[in-house]
There are 2 protein chains.
Amino acid sequence: MDSRGDSDAGVAEAPIPPATVRRLPSYLRALHGLAERGEERTRSAALAELSGVSPAQLRKDLSFLGSFGTRGVGYDVSELAQYITATLGIETEHRVAIFGIGDLGHALANYPGYSRRGFEVVALFDAAPEIIGTEVAGIVVHGRGDVARVLAEERVTLAVIATPASVAQAATDEAVEAGIRGILSFAPVSLQVPEHVDVRTIDVSSELQILAFHLQAGQIPTRVPGATAAGDTDRV
Amino acid sequence: MDSRGDSDAGVAEAPIPPATVRRLPSYLRALHGLAERGEERTRSAALAELSGVSPAQLRKDLSFLGSFGTRGVGYDVSELAQYITATLGIETEHRVAIFGIGDLGHALANYPGYSRRGFEVVALFDAAPEIIGTEVAGIVVHGRGDVARVLAEERVTLAVIATPASVAQAATDEAVEAGIRGILSFAPVSLQVPEHVDVRTIDVSSELQILAFHLQAGQIPTRVPGATAAGDTDRV
DNA sequence: GGCTGTGAACCGTTTCACAGCA
DNA sequence: TGCTGTGAAACGGTTCACAGCC
């Protein structure tokens with residue numbers, strides 16, 4: 001019941017492995033699902049199944065955050081959810097800006113699930129004069145000239161790039177210039193950013209291409225040595 | 001100049017590592033970019049930079065597909081693009097169905113870049129009576145009762161799930177029932193599928209949560225031992 | 001000379017198997 | 001007894017450094 005010391009910088013906490021961080025959102029999602037169904041306690045086997053990982057994987061991952069379970073019993077759902085929330089740094093909502101208000105930008109702006117997940121969309125940008133000044137999802141769309149001012153005023157910390165590929169780098173540069181350190185891009189290009197900025201890219205076509213690869217005859221029996229099989233969302 | 005034997009099943013080809021397959025789409029994207037700019041030849045350093053990986057990584061990855069470069073010279077852009085296209089199995093277009101025609105489904109249906117990437121959206125499904133029968137992106141939206149028939153008639157091989165999370169499993173089951181073996185899901189749930197079906201999940205909120213983690217003070221100096229730094233889209 | 005292709009070393013991740021504890 | 005927490009083993013992926021070839 002120690003080892004939980006979190007944000008008191010200075011102590012040499014063992015770093016959480018990247019692969020573990022990538023899975024924390026699934027665990028949190030599964031825990032919220034359990035909580036909604038009124039479950040107060042769970043076990044690594046149950047939570048792992050809901051998250052699509054092996055029980056050993058889940059326990060190992062949680063061990064990097066601290067020690068939360070009760071041996072012989074399991075985990076307290078809300079306590080664990082709370083701690084993962086704190087670990088991810090989403091106890092207070094992050095304020096998000098979306099660049100590029102086309103079909104995709106619209107869809108992202110209108111997505112209703114953010115607040116439950118720790119985010120709030122507070123700023124929209126587009127270059128097209130006929131869109132600037134209109135309201136999308138209750139937020140006024142600003143032009144490129146207002147980026148620095150609006151990002152500062154709205155205290156935005158994360159940017160989503162939903163522009164065409166051709167202007168994605170320019171939008172990224174503006175966001176970085178204004179101090180943004182986390183960028184989620186939907187543009188199918190490799191964005192160049194300074195070292196202190198983190199970029200994650202979602203490319204639908206790439207995902208489809210990876211699926212296409214597996215459809216081919218010669219590749220059907222993919223890995224899966226002896227494990228879970230179903231629900232393995234991260235094969236290849 | 002051998003080792004290229006591709007789809008002649010029976011020969012014990014060394015399998016392509018999953019991590020390599022995941023990067024092939026970026027390489028292909030970069031090669032298309034070079035081809036559009038009229039470049040006929042490239043080197044591993046240049047192609048790697050465009051793809052956001054290290055030159056060694058790129059060369060190692062390509063070595064799993066065969067031997068395409070000329071030592072001392074580099075790679076032929078169109079030849080390499082053609083071979084990666086063949087490896088991914090997208091020489092002929094894959095026919096895609098989208099389940100759930102909300103904001104996201106609309107955006108995905110209207111995305112203009114598929115055909116260049118090897119895909120064609122040919123079927124749309126939704127449960128809402130007021131949407132069934134309408135046209136989106138020039139395609140009539142069908143109801144759930146028509147899934148099996150339309151998927152067969154349109155020879156669909158890949159399904160995209162853009163429904164609310166609550167019905168994502170049901171849509172998945174229908175697609176799998178109709179013989180679909182590749183599924184790209186945007187629903188924030190872990191989908192259960194038979195072993196022969198491949199699921200890839202895109203969850204925007206999860207990506208934002210991972211970015212949020214890195215914004216925290218204690219975690220800024222993430223990995224990056226001595227390498228590329230900028231453009232590294234896969235740091236967690 | 002210059003670049004590819006690749007064995008070997010290194011490193012991070014996953015799985016195993018069991019010790020530790022309610 | 002039944003579960004968590006975790007060292008240790010096994011595995012896969014990445015980087016290094018150089019041999020091989022044009």
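Side chains are part of it too, since the values below use all heavy atoms of this structure and drop only hydrogens, waters and symmetry mates.
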*Once you round it to whole Å, what is the distance between P of dT4(D) and CD of Q57(A)?*
15 Å
_Looking at L108(B), is its backbone amide N or carbonyl O close enough to the side chain of Y114(B) to form a donor-acceptor pair, meaning the two atoms are under 3.5 Å apart?_
yes
*Taking OP1 and OP2 of dT4(D), is either one under 4.0 Å from a side-chain nitrogen or oxygen of S44(A)?*
yes
*Residue-phosphate contact under 4.0 Å: T70(A) side-chain N/O, dA22(C) OP1/OP2*: no
*For the side chain of P18(A), starting at C-beta, report the closest nucleotide among dG5(D), dT13(C), dT4(C).*
dT13(C)
*Enter the distance from L24(A):CG to I16(A):CD1 here, rounded to the nearest 0.5 Å.*
6.5 Å
*Roughly how many Å is it from CG in L58(B) to P in dT6(C), rounded to a whole number?*
14 Å
*With a non-hydrogen cut-off below 4.0 angstrom, is R41(A) in contact with a base, only sugar-phosphate, or nothing?*
nothing
_Interatomic distance where CZ belongs to F64(B) and P belongs to dG13(D) [whole Å]_ = 8 Å
_Between P on dG5(C) and CZ on R43(B), what's the gap in Å once rounded to a whole number?_
14 Å
*Nearest-angstrom distance from the residue atom OH of Y83(A) to P of dT4(D)*: 19 Å
*Round to the nearest Å and state the distance from L62(B) atom CG to dT15(D) atom P.*
15 Å
*In whole angstrom, what separates L47(B)'s CG from dC3(C)'s P?*
14 Å
*Out of dG5(D), dC16(D), dT14(D), which nucleotide sits closest to the side chain of A19(B)?*
dT14(D)
*So, R23(B) and D61(B), do they make that salt bridge, N to O below 4.0 Å?*
yes
*Could you pick out which residue, R23(A) or V73(A), lies toward the 5' side of DNA chain C when each is mapped onto its nearest nucleotide?*
R23(A)
*asked:* Whole angstroms only, please: what is the OH-C1' distance between Y75(B) and dG2(C)?
replied: 13 Å
_Closest listed nucleotide, where the reference is the side chain of R71(A) and the choices are dA22(C), dT13(C), dG20(C)_ = dG20(C)
_Of the listed nucleotides dT14(C), dT15(D), dG5(D), the one nearest the side chain of K60(A)_ = dT14(C)
_Heavy-atom donor-acceptor pair, R181(A) side chain to L215(B) backbone, under 3.5 Å_ = yes
*Would you say the side-chain atoms of R59(B) and S44(B) include a donor-acceptor pair closer than 3.5 Å?*
yes
_Nearest listed nucleotide, side chain of R59(A), among dA17(C), dC3(D), dG5(C)_ = dA17(C)
